[in-house]
Amino acid sequence: MTAIRLNPDLDRAALRAAFDRDHRLHVPDVLASESARLLHDTLHGSPDWVMVFNRGNKHFEVSPESA
């Protein structure tokens, strides 16, 4: 199995400073491109996953069929 890798071009010091300042973080292109493709292909080819997220106090689960 191929390892999922972070994008080596990320500025980790800048990301850390942003997290320390805002207490949250959005990281565009967090994965190396080959890892992003691998993850996409794996999820796209497998029905055995559910996306889970929270909005406020509400919990949501989204299956591939309803996404």
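Because the structure is predicted, anything quoted here is derived from the model rather than measured.
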I'd like a table of donor-acceptor pairs (distance under 3.5 Å, sequence neighbours excluded) in which one partner is a side-chain atom from residues 9-22, with atom names and distances.
from: Asp11; atom 1: OD1; to: Ala13; atom 2: N; distance (Å): 3.3
from: Asp11; atom 1: OD1; to: Ala14; atom 2: N; distance (Å): 3.1
from: Arg16; atom 1: NE; to: Asp20; atom 2: OD1; distance (Å): 3.1
from: Arg16; atom 1: NE; to: Asp20; atom 2: OD2; distance (Å): 3.3
from: Arg16; atom 1: NH2; to: Asp20; atom 2: OD1; distance (Å): 3.3

Check your understanding: Who pairs with His26 by ring pair (Phe, Tyr, Trp, His ring centres under 6.0 Å), at least two apart in sequence or on another chain?
Key -> none
Practice item. Indicate if Leu39 and Val52 have the same hydrophobic cluster label, given that clusters are the connected sets of ILVMFWY residues with side-chain heavy-atom separations under 4.5 angstrom. Key: no
**Study point:** Asn7 atom CG: more than 12 heavy-atom contacts under 6.0 Å
**Key:** yes
Exercise for review: Could you list all the side chain to side chain donor-acceptor pair (under 3.5 Å) pairs where at least one residue sits in residues 36-47, not counting sequence neighbours?
Suggested key: none
**Study point:** Test item: Ser35 side-chain N/O and Ile4 main-chain N/O as donor-acceptor pair under 3.5 Å
**Key:** no
